[in-house]
Asks: 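Structure below; questions to follow.
Computed from heavy atoms alone, side chains included, the values below leave out hydrogens, waters and symmetry copies.
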Amino acid sequence: MKEKASDLTKALCLRILAKSFLTAYALCTAFHAPLAPGQYETFIDYAIASIYEILGEYDLRFFLLLLLAAVFYRFAHRRLEGTEQDGRSSALLAGFFALCLLFGQSYHLAADSSYILGSPVNLLKSALSFGGYAGLFRALIGLVWQAMDSHGFTGGGEHFFSRHAFSRSFLILAGAYLPFLLLAFPGNLCWDAIGQIEQVMGSAGYSTHHPLFHTLIMGGLVKAGQTLFHSPEIGLFVYMLLQDAMLAAALAATIGVLSRRGASFPLLLTLQALYCVTPVYSNMASTAVKDVPFAACMVLYCLWLALLLEEPRRIHSRGFVISFFLIQVSVILLRNNGLYVVVLSGIAGFLFLFRKYGLRERLRFLLAGFGASVLTARVILALLAFACHASPGSIGEMMSLPFQQTARYLLLYQQEITPEERAAIEAVLGDVGTVADKYDPASADPVKALFHRDASTGEVFSYMKAWLRGFFRHPGPYIEAFFAHIYGWFTPGVSNSIRYEADTYETVRQGGLFPNAEKLLIFYYRFAARTPLGLLENVGASVWALFLLAFYQRRRGLSAALCAGAPLWVSLLICMASPCFLGHPRYAFPILFTVPFLYGFTLTLAPADRKAARK
């Protein structure tokens with residue numbers, strides 16, 4: 001018996017040592033361009049260099065990480081031993097995270113997969129690193145899930161947020177954001193906002209390229225400030241106060257709802273602190289950009305959807321239906337892609353309730369909960385476009401990814417396209433040589449700017465046929481262009497800290513409350529991005545958090561809570577179809593701003609509610 005126990009102990013020690021070595025290797029490995037045999041005088045030299053490349057450097061940092069990893073794996077084994085674990089779910093998720101990191105490194109450094117798949121040496125390094133990362137992430141996932149299962153997140157008696165939680169949270173958030181807004185007075189402008197203001201001020205014609213409803217509100221307030229006070233800055237500042245109030249109200253609503261669900265004070269305090277100290281919140285609170293009011297409405301939309309799916313009988317409450325209707329209309333009016341969010345998440349909700357209720361109740365949910373809002377918003381937008389004589393947006397805005405793939409394909413195989421394919425591509429994008437030259441792995445904007453706005457539906461259809469033929473002929477460039485286009489949304493290893501700095505606009509004075517005030521803000525946000533605070537606003541980290549929560553909900557059978565995250569998965573698809581990641585993580589604000597609430601909602605499901613949510 002003692003010998004058997006000794007053998008088990010030895011086997012455990014060997015497993016921990018192996019996992020610790022692989023983890024230290026993964027954390028220390030630096031990936032490089034593939035080694036080419038032609039760069040060396042002899043094959044022996046190439047072989048030696050390859051061995052050095054595989055082995056890496058075993059310095060003090062490596063051995064320190066090896067020791068820390070061994071301690072961590074031993075701790076994780078003790079904590080998770082005997083607990084309920086879903087090995088397949090955690091292994092699958094851990095493997096996905098590991099691949100995200102590895103592919104993210106390669107595409108960030110080389111814009112292709114060559115750094116991890118480009119040679120046998122790089123492939124072996126990647127395999128070893130994958131094992132190290134996967135083992136680390138699996139242990140971390142197990143510990144997080146174990147903490148979520150074993151800790152109580154409700155109760156705790158009377159506390160600060162027990163009464164007037166919404167108003168208290170709102171005042172705290174408003175007070176936290178106001179100093180940044182004052183320093184940025186009258187408000188920092190991004191380039192999209194300038195284009196929208198110009199439409200109302202008369203410098204440019206109206207267009208539905210940007211959400212016209214938001215254009216009229218922001219531009220109208222700036223114009224009102226110019227007309228009434230001879231100061232467009234006053235008008236912009238009023239808009240900024242409105243935008244900040246919307247954001248603070250949406251975030252405070254999550255605190256209020258969770259408080260009524262009996263959330264514990266530590267949970268509510270954690271969420272409140274995240275809303276206050278995460279740099280992106282105050283950054284965007286001082287920046288005029290359509291994505292902030294849209295993200296605020298998305299937070300409220302997910303909140304109402306979660307409550308409805310948790311207890312579908314709320315659809316019979318007139319007040320709930322009216323407020324949900326107004327929130328959905330706002331989501332559609334404040335961003336052009338809001339329509340897809342509402343429609344697709346409405347379908348997801350309908351399918352969730354498919355077995356639970358009869359046809360009448362399902363239709364009531366779909367029509368009353370979603371159909372009326374979609375129809376109303378579309379009518380409002382059509383009337384606004386008609387009244388403003390707004391030109392329609394370009395279909396090219398939705399084709400960033402195929403344009404990128406075409407450009408990369410032409411860069412490599414331009415000589416292979418047929419005359420028919422050349423004509424189809426040039427009817428939509430212009431000269432194929434120019435298209436190839438404009439290819440930028442980091443952004444689709446250079447190629448997308450070549451799109452012929454007057455291209456007919458038939459010409460676009462012919463282009464898509466040429467695009468499809470190229471894929472079947474050489475799928476490699478299409479696959480590489482796809483991953484180069486979307487990798488940034490899935491890896492925390494890529495920094496996405498932003499501060500829009502459009503300092504060339506003369507109609508509205510910018511620069512801050514006093515000279516060089518904006519430089520103080522820029523310094524703070526760039527400095528914060530280099531501290532642990534930067535992880536709180538990292539889009540890749542928020543997407544990982546969304547995956548982690550979804551797998552936990554699926555593991556626990558919380559299908560209602562899982563379905564409540566549908567708007568965020570639609571938002572992720574929209575991010576992947578957007579022109580770029582670098583410099584524009586604002587497309588992911590709905591995810592970044594809403595994930596904390598979804599964690600709180602899931603963790604505050606009472607035992608009885610958990611059973612109902614599994615149905």
Side-chain angles (χ1 to χ4, degrees), residues 165-167 169-178 180-181 187-188 190 192-193 196 210-211 213-218 221 236-258 271-272 274-276 278-307 323-339 341-342 345 373 377 498 500 536-537 539 542 564-565 567-568 570-571 574-575 585-598 600-601:
F166 172 82
S167 56
S169 177
F170 178 83
L171 291 175
I172 293 173
L173 291 170
Y177 300 157
L178 186 60
F180 295 93
L181 177 57
N188 185 39
C190 80
D192 285 357
Q196 292 176 267
H210 300 296
F213 182 76
H214 180 262
T215 296
L216 293 173
I217 292 177
M218 181 171 62
L221 288 173
L236 178 62
F237 188 68
V238 171
Y239 167 78
M240 293 303 305
L241 291 174
L242 174 63
Q243 175 179 283
D244 282 18
M246 289 182 65
L247 179 61
L251 299 177
T254 67
I255 299 294
V257 168
L258 293 177
L271 291 182
Q272 185 74 44
L274 283 175
Y275 297 155
C276 289
T278 303
V280 71
Y281 289 99
S282 59
N283 185 355
M284 290 297 103
S286 61
T287 301
V289 60
K290 60 193 175 188
D291 300 88
V292 174
F294 172 72
C297 290
M298 281 289 292
V299 171
L300 294 175
Y301 177 63
C302 288
L303 192 157
W304 254 252
L305 182 63
L307 294 175
S323 58
F324 194 33
F325 166 81
L326 294 175
I327 291 170
Q328 290 177 84
V329 170
S330 300
V331 168
I332 298 172
L333 293 179
L334 289 172
R335 222 184 192 290
N336 294 336
N337 52 40
L339 174 66
V341 173
V342 173
S345 57
S373 60
I498 59 169
Y500 289 108
L536 297 177
E537 64 176 1
V539 171
S542 68
L568 304 190
V570 179
S571 295
I574 293 171
C575 289
R586 56 190 174 87
Y587 297 113
F589 282 176
I591 301 173
L592 188 64
F593 291 6
T594 309
V595 161
F597 160 71
L598 284 181
F601 177 80

Asks: For residues Leu173 and Ala252, report the shortest heavy-atom separation together with the two atoms involved.
Replies: CD1-N, 3.9 Å
Asks: Does the pair Phe589 and Val280 meet the rule for a side-chain contact (heavy atoms from CB on, under 4.5 Å), with working shown?
Replies: CA-CA 9 Å; Phe589 282 176; Val280 71; 3.8 Å; yes
Asks: Please report the shortest heavy-atom distance between Met298 and Ser571, naming the atom on each side.
Replies: CE-OG, 3.5 Å
Asks: Could you check if a side-chain atom of Leu247 sits within less than 4.5 angstrom of a side-chain atom of Phe593, using non-hydrogen atoms only?
Replies: yes
Asks: Identify every side-chain donor-acceptor pair in residues 288-295 under 3.5 Å, counting partners at least two apart or on other chains, and give the distances.
Replies:
residue, atom, partner, partner atom, Å
Lys290, NZ, His210, ND1, 2.8
Asp291, OD1, Arg586, NH1, 2.5
Asp291, OD2, Arg335, NE, 2.9
Asp291, OD2, Arg335, NH2, 3.0

Asks: Of all residues at least two apart in sequence or in a different chain, which pass the ring pair (Phe, Tyr, Trp, His ring centres under 6.0 Å) check with Tyr239?
Replies: His214
Asks: Mind checking ring pair (Phe, Tyr, Trp, His ring centres under 6.0 Å) for Phe170 and listing every partner two or more places apart, or none if nothing turns up?
Replies: none
Asks: To the nearest 0.5 Å, how far apart are CG in Leu333 and CG in Asn336?
Replies: 10.0 Å
Asks: Are Val331 and Cys297 packed together at the side-chain level, in the sense that at least one heavy-atom pair is separated by less than 4.5 angstrom?
Replies: yes
Asks: Is any side-chain heavy atom of Ile574 closer than 4.5 Å to a side-chain heavy atom of Val341?
Replies: yes
Asks: Among side-chain atoms of Tyr275 and Ser169, is any donor-acceptor pair under 3.5 angstrom?
Replies: no
Asks: Measure the CZ-CG distance between Phe180 and Asn188 for me, rounded to the nearest 0.5 Å.
Replies: 13.5 Å
Asks: How long is the gap from CG on Leu251 to CZ on Phe166, to the nearest 0.5 Å?
Replies: 10.0 Å
Asks: Give the minimum heavy-atom separation between Phe237 and Leu181, together with the two atoms involved.
Replies: CE1-CG, 3.8 Å
Asks: Distance-only, no hydrogens or angles: does the Ser542 side chain make a donor-acceptor pair with backbone N or O of Val539 under 3.5 Å?
Replies: yes
Asks: I'd like to check the side-chain hydrogen bond (donor to acceptor under 3.5 Å, both in side chains) partners of Ser167; sequence neighbours left out, ordered by chain and number.
Replies: none
Asks: Do you know which two heavy atoms are closest between Leu305 and Ser345, and how far apart they sit?
Replies: CD2-CB, 4.5 Å
Asks: Provide the closest heavy-atom pair for Pro596 versus Leu592 in the form atom of the first, atom of the second, distance.
Replies: CD-O, 3.6 Å
Asks: Thr215: what forms a side-chain hydrogen bond (donor to acceptor under 3.5 Å, both in side chains) with it, not counting sequence neighbours?
Replies: Gln196
Asks: How are the rings of Phe601 and Phe597 set relative to one another: parallel (under 30°), tilted (30 to 60°) or perpendicular (over 60°)?
Replies: tilted
Asks: To the nearest 0.5 angstrom, please state how far the CE atom of Met218 sits from the CG atom of Asp192.
Replies: 8.5 Å
Asks: Tell me the salt bridge (Lys or Arg N to Asp or Glu O under 4.0 Å) pairs involving residues 244-257, sequence neighbours left out?
Replies: none
Asks: Please assess Val595 against Leu568 for the test side-chain contact (heavy atoms from CB on, under 4.5 Å), listing each intermediate value before the final yes or no.
Replies: CA-CA 8 Å; Val595 161; Leu568 304 190; 4.1 Å; yes
Asks: Kindly say whether Asn283 contributes a backbone atom to a donor-acceptor pair with the side chain of Ser286 at under 3.5 angstrom?
Replies: yes
Asks: To the closest 0.5 Å, what do you measure between CG (Leu271) and SG (Cys276)?
Replies: 11.0 Å
Asks: Starting at CD1 of Ile591, measure out to CG of Leu598 and round the result to the nearest 0.5 Å.
Replies: 10.5 Å
Asks: Looking only at heavy atoms, which two atoms of Cys575 and Tyr587 are closest? And how far apart?
Replies: SG-O, 3.4 Å
Asks: Short question: side chain of Glu537, backbone of Tyr281 - any donor-acceptor pair under 3.5 Å?
Replies: no
